[in-house]
Structure formats: structure tokens, C-alpha cells
Student: 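Take this structure, written in C-alpha cells, and hold onto it; I'll ask about it next.
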Amino acid sequence: MRSMTRSNRATTLAASSRLQPEVFPPSLRCEPDTAWQRWLFWLLAPTPQDSAPPVNRLPQVQVDFLATLSDLQSSDADGLRARIRDGRSLRDLWHARAEVFRVVGVARGQAEAEQRLQRLNRHFPTRAPRLQPLAL
């Protein structure tokens, strides 16, 4: 009977995690800033929805990443802060998310790490979760 409870709990956790939106790295192509650049971008690459946000957003995203680590004092956190400051693109920061989760998780616990990562995920493209067929 006890194993049934664990099985049900695992199924529930798996189902709830599937309902989270998927977060993707930004495209390597940046969204153009000016009308001329937009026209040229459209002409050469007619799928602007696949582009990354403009590069000028990078400093604000770096500030948000650094704020996520502001209350942590460790050598890992210091190294991660340097990596964030040295990031040259939003894609670099997207790849740093796993390390942010690890460093925050060690210092503050998994629940806090998940909350902080959710706040950072708003900077990256997402897709609605795909529901998997239920096994009978």
C-alpha cells in the first residue's frame, strides 16, 4: 500500500512538472534596432520570431542575474558573478542558468533556487508545455 502512495506521488510530480513552460536559449541572430535593419533582416531571414532580443537588453539581464546572487557569499557565487559580468550575449547567460540554480540551491535550498530561476526565465523564449498522452 505504501508503494502505491509513492507511485501516485511520483506520477503527480511528473504531471505537474510537464505543465511548466519550456525555456529555450535565445537565437544567435539578434533582433534589429532600426527600420532599415528590420527591413534587411526580413529580406535575408524572413522569420523574425526566431530572433533573439536586441543586444542592448544584455546589461539589464546581467543586472537581474547578479541580483539573484546578491545575498550569497561563497567562492562559487563570486565565480558565477564574474561569469555573468563577462557574458557577451543573452545566450551566454542562458547557459549560466544551471549554475545559478546549483549555487542558489546549495546556499538556500531547491525551492528558493526554483523561484529565482523562474524570475530569470522571463528573459528567454518559452513554449507552452506539450501534454504527453497518459499511459493506461
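Worth knowing before you read on, the calculation uses all heavy atoms, side chains too, and leaves out hydrogens, waters and symmetry mates.
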Student: To the nearest 0.5 Å, how far apart are CZ in Arg91 and NE2 in His95?
Tutor: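 Taking CZ in Arg91 and NE2 in His95, the distance rounds to 5.0 Å.
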Student: Apply the side chain to side chain contact (heavy atoms under 4.5 Å, CB included) test between Leu80 and each candidate in Leu66, Leu72, Leu69, Thr68; give the one that qualifies.
Tutor: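 Exactly one option meets the side chain to side chain contact (heavy atoms under 4.5 Å, CB included) with Leu80, and it is Leu69.
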Student: Kindly write out the residues that satisfy side chain to side chain contact (heavy atoms under 4.5 Å, CB included) with Gln110, not counting sequence neighbours, or none if the list is empty.
Tutor: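 Only Phe101, Glu114 meet the side chain to side chain contact (heavy atoms under 4.5 Å, CB included) criterion with Gln110.
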Student: Going by side chain to side chain contact (heavy atoms under 4.5 Å, CB included), name the residues that satisfy it together with Asp64, two or more places apart in sequence or in a different chain.
Tutor: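 If we apply the side chain to side chain contact (heavy atoms under 4.5 Å, CB included) test to Asp64, skipping adjacent residues, the hits are Gln60, Leu120, Arg122, His123.
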Student: So which heavy atom on Phe65 is nearest to which on Val100, and how close?
Tutor: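 Minimum heavy-atom separation between Phe65 and Val100: CD2-CG2, 4.0 Å.
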Student: Between Gly105 and Ala113, which heavy-atom pair has the shortest distance, and what is it?
Tutor: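 It is N-CB, 3.6 Å.
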Student: The criterion is side chain to side chain contact (heavy atoms under 4.5 Å, CB included); which residues satisfy it with Asp78, sequence neighbours excluded?
Tutor: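 Partners of Asp78 by the side chain to side chain contact (heavy atoms under 4.5 Å, CB included) criterion, ordered by chain and then number, come out as Arg81.
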Student: Could you pull out the closest heavy-atom pair between Ala67 and Ser70, with the gap in Å?
Tutor: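 Taking Ala67 first and Ser70 second, the nearest heavy atoms are O-OG, 3.0 Å.
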Student: The criterion is side-chain hydrogen bond (donor to acceptor under 3.5 Å, both in side chains); which residues satisfy it with Arg116, sequence neighbours excluded?
Tutor: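 Listed in chain order: Asp71, Glu112.
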Student: Tell me, please, which residues at least two apart from Asp76 pass salt bridge (charged side-chain N to carboxylate O under 4.0 Å, His left out).
Tutor: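 Applying salt bridge (charged side-chain N to carboxylate O under 4.0 Å, His left out) to Asp76 gives Arg102.
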Student: Please test Gln62 against Arg57 for side chain to side chain contact (heavy atoms under 4.5 Å, CB included), starting from the C-alpha separation and ending with a verdict.
Tutor: CA-CA 9 Å; Gln62 286 172 316; Arg57 279 196 40 218; over 6 Å; no
Student: Enter the distance from Gln118:CD to Asn121:CG here, rounded to the nearest 0.5 Å.
Tutor: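 Between Gln118 CD and Asn121 CG, I get 5.5 Å after rounding to 0.5 Å.
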